Amino acid sequence: MISENSRLGADFFRRDAVVIAHELLGKKLVRVFPGGQTKGYRITETEAYCGQEDLACHASKGLTKRTAVMFEPGGLVYVYLIYGQYWMLNFVTGVAGDASAVLIRGLEGFDGPGKLGRELQLDGSFYGENLQTSTRLWLENAPPVPEYHSSPRIGIHYSGEPWSSKPWRFSVQGQ
DNA sequence: AAGACGATCCTG
DNA sequence: AGGATCGTCTTT
């Protein structure tokens with residue numbers, strides 16, 4: 001029996017990616033695995049990617065097959081394969097056309113976007129997954145964390161200033 | 001049709 | 001410090 005607390009609704013996601021990125025800290029990510037085992041994970045680290053003008057955001061390349069979901073309204077999953085090995089988990093944010101998203105970089109016990117993707121057994125079938133209606137991946141509300149830390153995003157040196165130094169990476173204190 | 005390059009991680 | 005590994009995008 002799955003006990004579902006308050007699932008985060010569409011309104012939560014249809015806002016600014018930077019606000020959502022730090023509000024997601026401490027929230028509970030729920031995964032129902034094939035076979036039925038269900039696990040919940042507290043989010044510990046995130047990064048915001050803010051639309052077509054943000055040269056670190058994949059959507060800055062325009063609307064392509066890969067980035068199309070980012071142009072949808074917030075509340076969908078954006079996954080992509082990096083280095084041929086790791087599925088990266090993002091949630092689309094903002095209203096239609098904002099082309100923004102939040103990357104989940106850390107879960108409690110699973111530090112690093114590649115490692116958490118492996119733990120969650122992500123694959124390309126999660127592209128476009130609806131967090132409102134999905135029966136295998138969603139988010140539940142939880143109290144805000146008392147303190148968080150912000151710093152520049154990782155691995156986006158190529159985007160140049162000012163994007164490479166925007167403090168849009170958020171982590172719970174002590175992580 | 002072919003080449004370059006990652007929002008990473010692991011090993012030596 | 002360097003290799004794994006492959007989908008996407010750019011260039012021919």
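These values consider heavy atoms only, across backbone and side chains, with no hydrogens, waters or symmetry-generated copies. Keep in mind that this is a model prediction, so the values were computed, not measured. Sequence lines set the chain letters: A, B, ... in the order given, protein chains first and strands last, and positions in each chain run from 1.
For A:Ile82 and B:dC10, the CD1 to P distance is 15 Å, given to the nearest whole Å. In this structure, the CG atom of A:Leu63 is 14 Å from the P atom of C:dT8, given to the nearest Å. What separates CG of A:Leu55 from P of B:dG6 is a distance of 14 Å, to the nearest Å. At whole-Å resolution of the value, NZ in A:Lys65 and P in C:dC9 are 9 Å apart. Straight-line distance from the NE2 atom of A:His58 to the P atom of B:dG6: 10 Å, rounded to whole Å. Between the CG atom of A:Leu103 and the P atom of B:dG6 there is a distance of 16 Å, given to the nearest Å. Separating the CD1 atom of A:Ile156 from the P atom of B:dC5 is a distance of 18 Å, rounded to the nearest angstrom. When rounded to the nearest whole Å, the span between CD of A:Glu45 and P of B:dA7 equals 16 Å.
Using a 4.0 Å heavy-atom criterion, one finds that A:Gly124 contacts no nucleic acid atom at all. Contact annotation for A:Ile154: backbone-only contact, meaning every heavy-atom pair under 4.0 Å involves sugar-phosphate atoms and none involves a base. When heavy atoms are screened at a 4.0 angstrom cut-off, A:Gly84 is found touching base atoms of the nucleic acid. Across all strands shown, A:Glu47 has no heavy atoms under 4.0 Å from either base or sugar-phosphate atoms.
Not one side-chain nitrogen or oxygen of A:Arg105 sits closer than 4.0 Å to the OP1 or OP2 atom of B:dC9. Checking the phosphate oxygens (OP1, OP2) of C:dA4, no side-chain nitrogen or oxygen of A:Tyr86 falls inside 4.0 Å.
When distances run from any side-chain atom of A:Thr64 to the nucleotides C:dC9, B:dT8, B:dA7, the shortest one goes to C:dC9. Residue A:Arg118 has its side chain nearest to B:dC10 when only C:dC6, B:dC10, B:dT8 are considered. Across B:dC9, C:dC6, B:dA7, the shortest atom-to-atom separation from the side chain of A:Arg66 is found for B:dA7. The side chain of A:Tyr78 approaches B:dA7 more closely than any other nucleotide in the set B:dA7, C:dT5, C:dC6. Taking every side-chain heavy atom of A:Pro113 into account, B:dC9 is the closest of C:dC6, B:dA7, B:dC9. Checked against B:dG6, B:dC10, C:dC9, the side chain of A:Lys115 finds its nearest nucleotide in B:dC10. In the set C:dC6, B:dT8, B:dA7, the nucleotide with an atom closest to the side chain of A:Leu81 is C:dC6.
With both pairing distances under 3.5 Å, C:dT5 is matched to nothing as a Watson-Crick or G-U wobble pair. Applying the Watson-Crick and G-U wobble criteria (two distances, each under 3.5 Å), B:dA7 pairs with nothing in any strand.
Nearest heavy atom pair, residue A:Tyr127 against residue A:Val69, reads OH-N, 3.0 Å. Taking all atoms of both residues into account, the shortest heavy-atom contact from A:Leu63 to A:Ala68 is CD2-CB, 3.9 Å. In terms of heavy atoms, A:Gln121 sits closest to A:Pro34 at OE1-CD, 4.1 Å.
Ring pair A:His58/A:Tyr80 is perpendicular by interplanar angle, where above 60° counts as perpendicular and below 30° as parallel.
Separating the P atom of B:dA2 from that of C:dT5 is a span of 22 Å, rounded to the nearest Å.
Both thresholds, 5.5 Å between centres and 30° between ring planes, are met by A:Tyr83 relative to the base of B:dT8, so the two rings are stacked. Remark: ring of A:Tyr49 stacked against base of B:dA7; centroid gap under 5.5 Å, plane tilt under 30°.
Salt-bridge annotation for A:Lys27 and A:Glu140: absent, with no side-chain N of the basic residue lying under 4.0 Å from a carboxylate O of the acidic one. A salt bridge links A:Glu47 with A:Arg105: the distance from a Lys NZ or Arg NE/NH1/NH2 to an Asp or Glu carboxylate oxygen falls below 4.0 Å.
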